[in-house]
Amino acid sequence: MRLEIPFTKYAWHSGTIAWLLHRVTGGALIFYLTLHVWVTHHLGKSPEEFDQMMKLLMHPAFRIGEIGLLAAIVYHSLNGMRVLLVDLGIGVRHQEKMFWWVIALSFVLCVLGGLELFPWYLLQNPIFKGLLP
Amino acid sequence: MHKYSYKNGGVFIWFLQRFSGFVLLGLLLTHMLVEHFTLGGHELSYELVAKRVATPLWKIIDSLFLVLGVFHGLNGVWMIASDYIKKDWLKVVVVSLLLCLAGILLTLGLLTVIPFKA
């Protein structure tokens with residue numbers, strides 16, 4: 001079987017989704033790593049500049065972005081462990097079942113983390129008045 | 001049989017990608033537990049972070065985290081790229097760009113962590 005250009009030459013099954021998601025989340029994490037190194041380098045500049053950076057990251061846009069970051073990290077970690085196990089020859093026959101466990105666990109962890117990370121104070125904004133109990 | 005270009009990179013790099021991923025997960029859990037669950041939570045400040053980064057043990061841990069992260073990430077990008085790139089000259093261009101990015105990230109990151117004093 002040939003796996004070459006995305007969306008052209010391969011059948012869609014759980015392994016394909018796992019493989020594609022692993023690449024997409026990996027790419028997103030490289031982007032985050034670059035940002036993170038850049039943000040952290042303000043530590044060496046001055047305490048004021050670093051604290052200003054931290055304040056900027058408290059903006060709701062970044063707080064919500066962090067939920068996406070969590071999703072990428074959780075999926076990439078859990079699927080990475082699945083890949084490692086399968087490569088080591090452990091549970092090869094159960095790799096499909098393991099993929100759905102990866103998805104289920106990622107979902108649960110992202111909901112729990114998302115509830116914690118979401119800037120709930122946004123809902124106190126008057127535009128939501130009447131929409132919420 | 002289709003010839004995968006990544007095979008030419010050798011089984012050692014394939015192994016390193018798995019190994020670095022495994023170690024990164026341990027480092028990430030440590031990082032999250034200490035930085036976000038114990039120290040700061042949502043509100044990180046210079047005071048909280050500086051105290052941690054100034055200790056020699058954390059300099060080693062953070063440097064290892066950075067080096068493994070950059071290797072694992074950029075090697076991952078190369079694994080993806082080499083699936084699609086057939087022309088040799090383009091491979092040279094992409095590898096050069098990735099090495100440049102690795103150099104920038106490592107220089108910026110290590111220069112922040114290693115000489116840091118609170």
Proximity breakdown for B/Phe19 and chain A, heavy-atom pairs closer than 4.5 Å
neither
Determine whether B/Leu97 and B/Trp89 fall in the same hydrophobic cluster, where Ile, Leu, Val, Met, Phe, Trp and Tyr are linked whenever their side-chain heavy atoms lie under 4.5 Å apart.
yes
Interatomic spacing from CG in B/Leu44 to CE in A/Met53 - rounded to 0.5 Å:
13.5 Å
In one Ile/Leu/Val/Met/Phe/Trp/Tyr side-chain cluster, 4.5 Å: B/Leu101, B/Val95:
yes
Where does B/Leu111 contact chain A at under 4.5 Å (heavy atoms): side chain, backbone, both or neither?
neither
Segment of A/His42 engaging chain B (4.5 angstrom heavy-atom cut-off)
neither
Please look at A/Ile73 and chain B and tell me whether the side chain, the backbone, both or neither of the residue comes under 4.5 angstrom of a heavy atom of that chain.
side chain
Enclosure of A/Glu49 CD (heavy-atom neighbours >12, cutoff 6.0 Å):
yes
Whatever's closer than 4.5 Å to a heavy atom in chain B on A/Met81 counts as side chain
Would you kindly confirm whether B/Leu64 and B/Trp58 end up in one hydrophobic cluster when ILVMFWY residues are joined by side chain heavy atoms under 4.5 Å apart?
yes
Side chain, backbone, both or neither: which part of A/Ile30 has a non-hydrogen atom closer than 4.5 Å to chain B?
side chain
Spell out, yes or no, whether B/Leu57 and B/Val23 are grouped together once hydrophobic residues are joined by side-chain heavy atoms under 4.5 Å, including indirect joins.
yes
Is any side-chain heavy atom of B/Gln17 closer than 4.5 Å to one of A/Asp87?
no
For the interface with chain A, which of B/Leu25, B/Leu105, B/Ile80 has the highest count of heavy-atom pairs at distances below 4.5 Å?
B/Ile80
Need one label for B/Leu24: side chain, backbone, both or neither, based on atoms under 4.5 Å from any heavy atom in chain A.
neither
Quick check: closest heavy atoms across B/Tyr46 and A/Asp51, and the distance to 0.1 Å?
N-OD1, 2.7 Å
Between B/Val113 and chain A, which part of the residue has a heavy atom less than 4.5 Å away: side chain, backbone, both or neither?
neither
Heavy-atom nearest pair, A/Ser77 first then B/Leu28, reads OG-CD2, 4.5 Å
Straight-line distance of B/Thr112 OG1 to A/Lys45 NZ, nearest 0.5 Å:
10.0 Å
Which pair of heavy atoms, one from B/Phe116 and one from A/Leu43, lies closest together, and at what distance?
CE1-O, 3.4 Å
Among A/Leu84, A/Thr40, A/Leu29, which residue has the highest count of heavy-atom pairs closer than 4.5 Å to chain B?
A/Leu84
Is there a chain of hydrophobic side chains (I, L, V, M, F, W, Y, each step under 4.5 Å between heavy atoms) that links B/Phe71 to B/Ile104?
no
B/His72 versus A/His76, closest heavy-atom pair with distance:
NE2-NE2, 4.2 Å
Are more than 12 heavy atoms from other residues, nucleotides or ligands located less than 6.0 Å from atom CZ of B/Phe22?
no
